[in-house]
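Written below as structure tokens is the structure these notes are about.
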Amino acid sequence: MLKRITKSITSASIFLAAYFLLNIALRIALPHTLDLDEAEQSFYSQYLLAGYGPQPPFYNWIQYAIVSVTGISMWVLSVPKNIILFGCYLFYGLAAREVLKSRSLAAVAMLSLITLPQVGLMAQRELTHTVALLFATSLFLFGFFRTLRQPTIGSYLLIGIATGIGLISKYNFAILPFAALIAVLPEREWRSRLIDWRLLPAAVLAILIVLPHALWLPDNLASASAPTLERMTAEHLAPAGLPRIGQGLLSLIIAVLGFVALPIVLIAAAFRRDFLRALSSSSPMIRVIERMMIISLLAFVGVVLFAGASDIHERWLDPCLLVLLIYLFLKLETAGLDLSAGLDLSAGLARFRPVLPVFMVVILSILLFRIVGIQYIGTYTRTNVPFSGYVAELTATRKPVLIVAGTKFVAGNMRLEFPDVPVVIPFFPGPGVPEYADAKGPVLVIWRGETADDPTISPGFANDLVKSGIHLQELKTLTLPYLFGDGKRSFSIGYSWVEGGAK
């Protein structure tokens with residue numbers, strides 16, 4: 001059965017589609033409390049903006065377009081994400097088919113993406129902008145390998161589209177096209193691809209895709225870059241000078257190992273001696289991929305040395321190392337085609353194929369158990385916060401005409417619970433945001449505190465409310481037990497009802 005599934009990209013894609021349908025069904029079945037990234041998308045889907053803050057806007061634009069047609073719901077948040085993830089796997093498989101002669105190996109390489117923790121688990125669990133980045137990276141690899149093998153105007157335009165989407169998905173995507181460009185230069189047979197006239201319309205297309213956000217960026221550079229720079233530099237943890245560089249390089253090494261270790265161990269265990277023999281195999285395409293990965297990682301070394309980064313996250317390496325699985329299977333195939341090596345990959349493939357459905361079952365189990373088995377784990381997730389219970393209590397006697405929230409987490413969840421009620425955060429720069437002075441009826445002001453059991457309103461949010469003309473008369477607290485918890489631990493929110501209109 002598994003052999004038939006991995007016989008071609010088409011059959012493997014059907015298998016993957018079924019897997020993503022299961023992921024959608026699981027998310028719909030679980031509590032509809034939104035995690036941080038989901039809540040952000042729920043809140044931002046009210047606005048079409050050129051920029052939303054520290055993350056580029058591509059995923060927000062997709063979400064806005066769908067919500068504007070269908071309205072907000074758990075389905076609308078879950079289905080597009082899984083379709084984009086499916087597209088990531090599909091284009092990765094097509095990229096693998098461009099460089100691998102064996103259709104079976106290409107299908108296995110596509111399915112093997114699930115063994116990368118950042119793709120198989122983390123992207124499915126809570127990420128959104130990274131999901132768009134993964135899609136853009138796979139699309140770029142497909143266009144890039146297609147252009148090297150058989151250049152057409154379509155393959156160049158595909159590179160342009162992928163580059164544009166990637167740059168407005170995550171800023172670190174810029175490393176990938178730069179690394180690909182440099183990696184091709186030493187190969188005489190492909191160097192001409194870089195001076196082909198078809199590269200010009202591809203570049204124009206990329207610029208047109210990026211242009212709306214690029215025009216927004218100069219005036220909003222601080223809000224777009226400050227949060228990421230704070231996470232990268234970790235100033236409160238890292239000393240200055242050489243110790244910080246050392247911490248940054250160590251962080252990069254740990255991130256690389258965390259990204260690549262699991263799939264390498266699995267493939268090595270399946271192919272055994274053949275894997276070790278294949279490590280010395282080479283070809284022009286293998287050399288290009290090696291240079292791409294090395295140049296990308298050197299770019300992060302530069303970030304550590306010159307930008308003071310001391311905390312590199314694994315997911316930031318997605319555009320640099322996503323190509324790893326294609327690279328490993330290309331090495332195996334190249335060694336297998338070398339008659340002097342005498343490698344037979346069929347035994348290794350037979351051992352490796354069963355790993356893939358096992359990973360799917362394990363990931364679905366983790367996604368389920370981290371919510372419903374939380375009382376046995378002890379660490380409660382945001383999805384266990386009982387927002388539907390809060391809403392039932394708060395709106396038993398009256399409904400809000402406007403909701404003012406303290407954080408995007410609260411705002412997004414309230415937006416899902418009240419799809420027809422505007423939800424605002426003070427001073428969020430969105431056109432058409434209903435002003436408190438124009439609200440005709442009860443306004444619900446709601447926030448969460450610094451900790452789960454302390455709903456004290458933050459001074460910053462309190463000041464923003466006053467500046468917005470909102471004066472809270474009575475601060476109240478609502479505490480409910482976590483969903484699927486043991487009943488002993490609870491989550492508290494703070495709230496206040498006020499009447500709309502300027503006072």
Practice item. Assess the side chains of Q124 and N82: does a donor N or O sit below 3.5 Å from an acceptor N or O? Key: yes

Practice item. May I ask you to decide if L127's main-chain N or O and K81's side chain share a donor-acceptor pair within less than 3.5 Å? Key: yes

Check your understanding: When Y44 is tested against each of F428, Y59, Y64 for ring-ring contact (aromatic ring centres under 6.0 Å, His included), which residue passes?
Key -> F428

Check your understanding: Within a strict 4.5 Å, meaning less than it, do heavy atoms of the M293 and L321 side chains meet?
Key -> yes

Review point. For Q55, which of H129, E40, K170 qualifies under side-chain hydrogen bond (donor to acceptor under 3.5 Å, both in side chains)?
Key: K170

Point to revise | Stepwise side chain to side chain contact (heavy atoms under 4.5 Å, CB included) check, L167 with T163 | key: CA-CA 6 Å; L167 291 174; T163 300; 3.9 Å; yes

Exercise for review: For the pair W216 and H213, name the ring-plane relationship: parallel under 30°, tilted 30 to 60°, perpendicular over 60°.
Suggested key: parallel

Check your understanding: Yes or no on side chain to side chain contact (heavy atoms under 4.5 Å, CB included) for I374 and Y482, after CA distance, side-chain angles and deciding distance?
Key -> CA-CA 9 Å; I374 201 68; Y482 279 104; 5.7 Å; no

Point to revise | With L317, the side chain to side chain contact (heavy atoms under 4.5 Å, CB included) member among V260, L252, L324 | key: L252

Practice item. Verify whether one side chain among Q118 and H313 offers a donor that lies under 3.5 Å from an acceptor in the other. Key: no

Point to revise | Closest non-hydrogen atom pair, T477 against S492 | key: CG2-CB, 4.2 Å

Exercise for review: Would you indicate whether F369, at its atom CZ, is surrounded by more than 12 heavy atoms from other residues, nucleotides or ligands within a distance under 6.0 Å?
Suggested key: yes

Check your understanding: Rounded to the nearest 0.5 Å, what separation is found between the CZ atom of F300 and the CD1 atom of I253?
Key -> 14.5 Å

Check your understanding: Counting only N and O atoms by type, is there a donor-acceptor contact under 3.5 Å from the side chain of S68 to the main-chain atoms of A65?
Key -> yes

Point to revise | Sidechain-backbone polar pair: S468 side chain, I470 backbone, donor-acceptor under 3.5 Å | key: no

Check your understanding: With sequence neighbours excluded, what pairs up with Y327 under the side chain to side chain donor-acceptor pair (under 3.5 Å) test?
Key -> E290

Exercise for review: Starting at CD1 of I446, measure out to CD1 of I457 and round the result to the nearest 0.5 Å.
Suggested key: 11.5 Å

Review point. With a 4.5 Å limit on heavy-atom distance, are the side chains of Y390 and F491 in contact?
Key: yes

Review point. Taking the side chain from N172 and the backbone from W316, do they hold a donor-acceptor pair closer than 3.5 Å?
Key: yes

Exercise for review: Spell out, as yes or no, whether a donor-acceptor pair under 3.5 Å connects the side chain of Q46 to the backbone of V423.
Suggested key: yes

Check your understanding: So, the side chain of W61 versus the backbone of L49: is there a donor-acceptor pair under 3.5 Å, distance only?
Key -> yes

Review point. What distance do L113 atom CG and L16 atom CG have between them, rounded to the nearest 0.5 Å?
Key: 8.5 Å

**Study point:** P31 backbone acceptor or donor facing R27 side chain under 3.5 Å
**Key:** yes

Practice item. Taking T407 for its side chain and V410 for its backbone only, find out whether a donor-acceptor pair lies under 3.5 Å. Key: yes

**Study point:** Pairwise distance OG(S458) to CD(E450) - rounded to 0.5 angstrom
**Key:** 7.0 Å

Review point. In chain order, what residues pass the side chain to side chain contact (heavy atoms under 4.5 Å, CB included) check against K476, with sequence neighbours excluded?
Key: E474, Y495

Check your understanding: Is it true that a side-chain atom of N384 and a backbone atom of L483 form a donor plus acceptor pair closer than 3.5 Å?
Key -> yes

Check your understanding: Hey, is E499 close enough to K440 for a salt bridge, meaning N to O under 4.0 Å?
Key -> no

Review point. Between atom CH2 of W75 and atom OG1 of T70, what is the distance when rounded to the nearest 0.5 Å?
Key: 12.5 Å

Revision key, fill the gap. To the nearest 0.5 Å, atom NE2 of H32 lies from atom OG1 of T383 at 11.0 Å

Practice item. Start with the C-alpha gap between F329 and V108, add the side-chain angles, then the distance that decides, and say whether side chain to side chain contact (heavy atoms under 4.5 Å, CB included) holds. Key: CA-CA 9 Å; F329 283 108; V108 170; 3.7 Å; yes

Point to revise | Any donor-acceptor N/O pair, S78 side chain to M74 backbone, under 3.5 Å | key: no

Exercise for review: May I have all residue pairs that pass salt bridge (Lys or Arg N to Asp or Glu O under 4.0 Å) and include part of residues 486-498, sequence neighbours excluded?
Suggested key: none

Check your understanding: Where do A96 and A109 come nearest, in terms of heavy atoms and distance?
Key -> CB-CB, 4.1 Å

